[in-house]
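As a basis for the values below, the full set of heavy atoms in this structure was taken, side chains included, without hydrogen atoms, waters or symmetry mates.
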Amino acid sequence: MADELGKLERLRQSGALSNAEFEAAKRRVLEPGSPAEDNTIGRAANRYVSFQMIAGVIGLIVFLVFLFTVFLPMMNRTTDLIPPSGPGINRAPVTFP
């Protein structure tokens with residue numbers, strides 16, 4: 001155990017290990033049963049999936065706001081501009097020269 005701690009100290013002094021990495025490695029050597037760090041690949045994957053879900057919900061909200069404030073009112077205006085046609089609509093007769 002002393003040899004491993006000595007190696008870790010030499011690595012830290014040479015700059016190969018940061019202080020945080022040194023402390024985590026020292027904890028692993030001194031307490032083999034306890035987790036040294038909380039930053040595992042699984043936690044990173046969980047954070048990424050959570051980020052994707054939050055971004056998806058925000059995207060959906062932005063889409064719905066755009067749909068109800070811009071697109072649907074514009075559709076109502078365009079249908080109002082189409083002249084009515086069909087039976088019973090009085091139109092002026094068309095004459096050809």
side-chain contact (heavy atoms from CB on, under 4.5 Å) assessment of Val49 paired with Met53: CA-CA 6 Å; Val49 170; Met53 290 175 58; 4.2 Å; yes
Common cluster, Val70/Ile61, ILVMFWY with side-chain heavy-atom separation under 4.5 Å: no
Verify same cluster id: Phe68, Leu60 (apolar side-chain graph, 4.5 Å): yes
Single-linkage hydrophobic cluster, 4.5 Å side-chain cutoff, Val57 and Leu64 together: no
Pairing of Glu4 and Lys7 as salt bridge, 4.0 angstrom limit: no
CD-CG distance between Glu23 and Leu30, expressed to the nearest 0.5 angstrom: 9.5 Å
Ile58-Val65 co-clustered via ILVMFWY side chain contacts under 4.5 Å: no
Distance, nearest 0.5 Å, that separates CD of Glu9 from NZ of Lys26: 8.5 Å
Joint hydrophobic cluster, Phe71 plus Phe63, side-chain heavy atoms closer than 4.5 Å: yes
Atom pair CG/CD of Leu8 and Glu21 - distance to nearest 0.5 Å: 11.0 Å
